[in-house]
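Proteins come first, then strands; the chains are lettered A, B, ... in the order of their sequence lines, and each starts at number 1.
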There are 2 protein chains.
Amino acid sequence: MSETQKRGRGRPSTFDRPSVLREAMKLFWDNGYEGTTFEELISKMSISPSTFYNSFGSKERLYREATENFMDYAQTWIQSALSEDGVTTRQAFAHLLESAAEQFTREDLPRGCMVSLSGTHQAPDLMPIRDMMVEYRAASEIYLADRIRKGIREGDMPSTIDVDALAAFIHAIVRGMAVQARDGASRAKLENIGRVAMEAWPEARRVAA
Amino acid sequence: MSETQKRGRGRPSTFDRPSVLREAMKLFWDNGYEGTTFEELISKMSISPSTFYNSFGSKERLYREATENFMDYAQTWIQSALSEDGVTTRQAFAHLLESAAEQFTREDLPRGCMVSLSGTHQAPDLMPIRDMMVEYRAASEIYLADRIRKGIREGDMPSTIDVDALAAFIHAIVRGMAVQARDGASRAKLENIGRVAMEAWPEARRVAA
DNA sequence: CGAATTTTGGAGTGAAAGCACCAAAAATGT
DNA sequence: ACATTTTTGGTGCTTTCACTCCAAAATTCG
């Protein structure tokens, strides 16, 4: 892609931006923002300090870019579950939790989720970073609620349910799965958590009522 | 209590150990280990650097002591819910989640939980601290499983259930509630999450079966 | 080919971090 | 009262942090 990209004049970069950004993402994901040093970054990214500064601005800007990069990627499997056609709302959410179990235990990426737990206990001077994470998390809960409302509109969810509470519940279970994933839980264990969680799904109770 | 305490000879402390330890705990709880500086600590604890070093050893040792202090306190309300006499296992866990909602939104302490999310993304050289947190979390899941097994022994839980999966589920929901609490969720919202979670409780399905 | 433009490597910088030391201060025990 | 023991305040230390600067290198445009 950098071949087809029209390059201005000047010395060309020797590194591939997407791939070094991914390396930065993995470092931040594993060690957190404060736990990742400048030296570690430029070492794993294989770039010099000046290249770092020149190409990514600062540690904080790189973190934001890495987080955006992560979210773009995460949206893929989230959308894939929630926007799937021809499935019930219940099936969509069951699929979402299965995907979370799978994604949180991938071999080629750090375990868990980069945004689920980040910035929850952070220095006051890093408030902007914390706020970014809080916003991302809040947005994903709204996303869940929207999918549930779609289910109500389409008739496969009872209109009497508390949409926000159910969305908050699913949100909480995913964050909890992220904690366990980082603590070493297997994919099977995470899948079990998701299965138990789906027992709380309103539709299941309709059978009982 | 320090009045009744037999003091050896030597100059007496001017500070109350439990209360400055509590200040340290609150700082670590809010800002995390890395996000809390030596200066902040001695400032909020109102002690000098040498007093700090002399009385608490190091930042890491203080953190461990503050964490133990937190766990002692947390065990109080956890035990209170899970060891309550004359209630079903289901009621005990419902009570536990209600207590979590209450405790995670206390006005006199930082929001959420000090150990639920700590050390999940941390620098490699702080691995001992991370390990401590992972152990605390694992221990609490075992604690939940033990309570469920007690329910099976006493006959108010079906013996066919997957105890570990159910314990992992409750564990996950509590950690997820901690994330939401730190992101600003109200007590009522956390209580709702707990209520929805309890819909997944096995006993509820027995009615349907 | 030469000028312009951009990237690169390496050394260096100020600030802050956590910690350590030392002598003075304030208690106890005989 | 005097020696002993322990705590205290202030200062200084070493390391690491994120970052910056500058000249050389490598490209494009005219």
Side-chain angles (χ1 to χ4, degrees), chain A residues 1-21 23-24 27-28 31-66 121-129, chain B residues 2-21 23-24 27-28 30-66 121-129:
Chain A
M1 55 169 73
S2 61
E3 310 258 327
T4 59
Q5 184 98 6
K6 190 151 214 162
R7 198 157 31 75
R9 73 173 148 190
R11 180 172 172 175
S13 297
T14 58
F15 64 91
D16 179 49
R17 207 169 201 283
S19 85
V20 303
L21 187 58
E23 288 305 311
L27 267 180
F28 283 132
N31 306 341
Y33 178 76
E34 295 175 284
T36 307
T37 69
F38 197 80
E39 296 297 325
E40 276 177 320
L41 284 167
I42 61 173
S43 167
K44 284 263 185 184
M45 296 167 86
S46 301
I47 57 176
S48 69
S50 54
T51 301
F52 177 94
Y53 188 69
N54 196 33
S55 302
F56 298 100
S58 69
K59 187 184 170 185
E60 181 171 339
R61 276 202 225 154
L62 173 62
Y63 186 71
R64 302 189 103 92
E65 195 173 336
H121 303 272
Q122 206 157 41
D125 56 308
L126 295 174
M127 198 57 88
I129 283 185
Chain B
S2 60
E3 311 259 328
T4 59
Q5 184 96 7
K6 190 152 215 161
R7 198 158 29 75
R9 73 173 147 188
R11 179 171 171 175
S13 298
T14 58
F15 65 91
D16 178 49
R17 207 170 200 284
S19 85
V20 303
L21 186 58
E23 288 305 311
L27 267 180
F28 282 132
D30 255 333
N31 306 341
Y33 178 77
E34 295 175 283
T36 307
T37 68
F38 197 81
E39 297 297 324
E40 276 176 320
L41 283 168
I42 61 174
S43 167
K44 286 262 184 182
M45 296 167 84
S46 300
I47 57 176
S48 68
S50 53
T51 303
F52 177 92
Y53 187 69
N54 196 33
S55 303
F56 298 100
S58 68
K59 186 183 171 186
E60 182 170 339
R61 276 202 226 155
L62 173 63
Y63 187 70
R64 303 189 102 91
E65 194 173 338
H121 302 273
Q122 207 157 40
D125 56 307
L126 295 174
M127 198 58 86
I129 283 185

Student: Looking at every strand, decide which applies to Phe56(A) at a 4.0 Å heavy-atom threshold: base, sugar-phosphate, or nothing.
Tutor: nothing
Student: Can you check the Asp125(B) CG to dA17(C) C1' distance for me, whole Å?
Tutor: 13 Å
Student: Between dA20(C), dA17(C), dT7(D), which nucleotide has the shortest distance from any of its atoms to the side chain of Asn54(B)?
Tutor: dT7(D)
Student: Given dT20(D), dA24(D), dG18(C), identify the nucleotide with an atom nearest to the side chain of Phe38(B).
Tutor: dG18(C)
Student: Is any side-chain N of the basic residue among Lys59(B) and Glu34(B) closer than 4.0 Å to the acidic one's carboxylate O?
Tutor: no
Student: Without decimals, in angstroms, what is the distance between Asp16(A) CG and dT8(C) C1'?
Tutor: 17 Å
Student: For dT20(D), does either OP1 or OP2 sit under 4.0 Å from a side-chain N or O belonging to Tyr53(A)?
Tutor: yes
Student: How many Å lie between CZ on Phe15(A) and C1' on dT8(C), as a whole number?
Tutor: 10 Å
Student: Is the phosphate of dG10(D) approached by Ser50(B) (side-chain N or O, under 4.0 Å from OP1 or OP2)?
Tutor: no
Student: Partners of Glu60(B) by salt bridge (Lys or Arg N to Asp or Glu O under 4.0 Å), sequence neighbours excluded?
Tutor: Arg64(B)
Student: Quick one: Tyr63(A) OH to dC19(D) C1', roughly how many Å, whole number?
Tutor: 20 Å
Student: The side chain of Pro12(A) lies closest to which of these nucleotides: dA26(D), dA17(C), dT8(C)?
Tutor: dA26(D)
Student: Ser46(A) near the nucleic acid: base, sugar-phosphate alone, or nothing, with a heavy-atom cut-off under 4.0 Å?
Tutor: nothing
Student: Any chance you could lay out the side chain to side chain contact (heavy atoms under 4.5 Å, CB included) test for Thr51(A) and Met45(A), step after step, and finish with the verdict?
Tutor: CA-CA 10 Å; Thr51(A) 301; Met45(A) 296 167 86; over 6 Å; no
Student: May I have the step-by-step check of side chain to side chain contact (heavy atoms under 4.5 Å, CB included) for Arg17(B) and Phe56(B), ending in yes or no?
Tutor: CA-CA 10 Å; Arg17(B) 207 170 200 284; Phe56(B) 298 100; 3.5 Å; yes
Student: Tell me: CD1 of Ile47(A) to P of dT20(D), nearest whole Å?
Tutor: 15 Å
Student: May I have the distance from Arg11(A) (atom CZ) to dA23(D) (atom P), rounded to whole angstrom?
Tutor: 16 Å
Student: Using the side-chain heavy atoms of Lys59(A), tell me which of these nucleotides is nearest: dT8(C), dA26(C), dC19(D).
Tutor: dC19(D)
Student: Ser48(A) side chain: which of dC19(D), dT8(C), dT7(D) is closest?
Tutor: dT8(C)
Student: Let's see if you can work this out: which of dA17(C), dT8(D), dA11(C) has an atom nearest to the side-chain heavy atoms of Thr37(B)?
Tutor: dA17(C)
Student: For residues 121-129 of chain A, which side-chain N or O atoms pair as donor and acceptor with protein atoms under 3.5 Å away, sequence neighbours left out?
Tutor:
from: His121(A); atom 1: ND1; to: Trp29(B); atom 2: O; distance (Å): 2.4

Student: Check the distance between dT7(D)'s C1' and Met45(B)'s CE and give it to me in whole angstrom.
Tutor: 15 Å
Student: Quickly work out the Phe52(A) CZ to dG10(C) P distance and round it to whole Å.
Tutor: 18 Å
Student: Report yes if a side-chain nitrogen or oxygen of Thr51(A) is closer than 4.0 Å to either non-bridging phosphate oxygen (OP1 or OP2) of dT8(C); otherwise report no.
Tutor: yes
